[in-house]
Amino acid sequence: MRTIAEKPASATRGAAPPAPTPWHRRPGVLPWAWALALCLLYATVAVRRHQLLRTTGYDLGIFEQAVRAYAELRIPVAPLRGEGFNLLGDHFHPLLAALAPLYRLFPSPLTLLVAQSALLALAVVPLARWALRALGRRAAHCVAAGYGLSWGVASAAAFDFHEVSLAVPLLAFGLEALGARRWRAAVGWTAPLLLVKEDLGLTLAAVGGYLVLKGRADRGTLRLGLGTVAAGLLGSFLEITVLLPALAPAGGYAHGGNLAAAHGSLLGALAHAPLDLLRPETKATTLVLVFAPSALLALRSPLALIALPTLGWRMASENGFHWGTAFHYSAILMPVVFAALVDVLAREPDPRRRRAPLATVLAVTAVLLPSFPLAQLAQRATWHTTAHVRAARALLAEIPDGATVAASNRLAPQLTARCEVVLFPTFPVGGRLYDYPREVPPPTAEWIVHDSETPESWPYKPGHWPYPLPQQLAELRDARRLHGYELVARRDGITLLHRTKTPRTPS
């Protein structure tokens, strides 16, 4: 006798099997598809900029010299940063050595640029995955687009290579773990931040502070949070006060002057601190723009507190580069902003009330996009190789592999994969980055290649660096007159000299 639960055999045989889910709608595909698309987008911008001589010795050339040294099993000495300068004495980023095997296979500055593109794009995976799980498919696309096209990521992707690209995916995966209340996993993802840069221990401490905030009723979580706070603060303290001074050729912390008191005394600095965090107005603009891609909703999440350490040291710095929206300084903030956005929207039970915020996110992204580097892909000049670029490549090809070269800032990263490169004219002197002496030592490299054309401006103001053009041209004349260099070729503002004589002693 057939039970009630049984179905007739004819019904079972006649029922159509459920249709398989199309591959592009499977949950695991969306985050990784975005990561692939963004990687290609960032890499296109970065590689094309390098091909057009828009990358620089400071910083792509410096980082390539360090990674090249790691790949050759040497300490990361970067001649561009100073003679015998161990780059671990500039910023503490030993995790940079993780790129050495890849560079050993493909020794090129393009390897670093593509690796950075992949790392920045990888951070979209946990953010989109969390949004997909908590908010649905359309919201996940909005979050992925908002992060991937955000100005903070775009500015980093288009400016050379920097160690912070290693931290962006680590923090993004850690934030996803915080959202899922997987506390130990969150600490595991973010603990390596200590090996990326000395200030990121403060970000790790902020992650610990979030655990303390969320784990007040749970002793285990509270202990984990307090331990993470202590590890982050102690790690940054030891790196800044012990490791960096021990590794820096000149001793001390090379960037400590950026946080020097500007008001003559500690009390004066503390009294002016609240206003100094917002003066000049560039700082206030940046603070608004950091959270603008989330339609300011990120400010409603406690996750936003994790952005405070980075924002704090940047606004307190006396280096104007730290205040604005250019360069790579905001990349680490973008995962925080979009994780906080997901956290806020996930607490809204009515899906219909999420539509307006998500539409605002897309609108803000679209409005900001033309003002930042991804828009370069739509500019005709990006796809046009000028006569100046062709002349530079022809002259650089005259320099043999393994030679020592003093090169202009925009030409240096074109050579760092195959030559030992320093910056022309001699800079820095004695490894002192912010010291511009009136008299500099004579050049000692076998070759000099100098570009007198005004470099493409973004993210720098138009002009020549590190010295004014008249001083550079004077150094170039002295190289031929006093230091034994002969003219090999001059084309389209680019001069190539080769040392063939014993330098003359000035009378």
Can you find a pair of side-chain heavy atoms, one from [X] and one from [Y], that are under 4.5 Å apart?
X: Leu178; Y: Val207; value: yes
X: Trp313; Y: His255; value: no
X: Leu333; Y: Phe338; value: no
X: Leu377; Y: Trp383; value: yes
X: Arg499; Y: Thr444; value: yes
X: Ser330; Y: Thr325; value: no
X: Met334; Y: Val168; value: no
X: Pro109; Y: Thr55; value: no

Do Asp451 and His388 pair up side chain to side chain, a donor and an acceptor below 3.5 Å, judged on atom types alone?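 There is such a pair between these side chains.
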Is the centre of the Tyr467 ring less than 6.0 Å from the centre of the Phe424 ring?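 No, the ring of Tyr467 stays outside the 6.0 Å limit from the ring of Phe424, centre to centre.
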Please confirm whether the backbone N or O of Leu80 pairs with a side-chain atom of Gln65, one donor and one acceptor, at under 3.5 Å?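 Yes; at least one donor-acceptor contact below 3.5 Å.
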Under a 3.5 Å distance rule, please check whether Gln116 uses its side chain to pair with a backbone N or O of Ala156 as donor and acceptor.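 Yes: the side chain of Gln116 pairs with the backbone of Ala156.
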I would like to know whether Tyr58 and Trp465 meet ring-ring contact (aromatic ring centres under 6.0 Å, His included); could you show each step before the answer? CA-CA 10 Å; Tyr58 276 64; Trp465 185 86; 5.0 Å; yes
Are more than 12 heavy atoms, taken from residues, nucleotides or ligands other than Arg138, located less than 6.0 Å from that residue's CZ atom?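 No.
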Would you say CD of Glu453 has more than 12 non-hydrogen atoms from neighbouring residues, nucleotides or ligands within 6.0 angstrom?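 Count over threshold, so yes.
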Could you tell me whether Arg81 and Asp90 make a salt bridge, using a distance below 4.0 angstrom between a side-chain N and a carboxylate O?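 Looking at Asp90 together with Arg81, the answer is yes, because their closest N to O distance falls below 4.0 Å.
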Relative to the ring of His464, is the ring of His450 parallel (under 30°), tilted (30 to 60°) or perpendicular (over 60°)?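 Geometry flag for His464 against His450: parallel rings.
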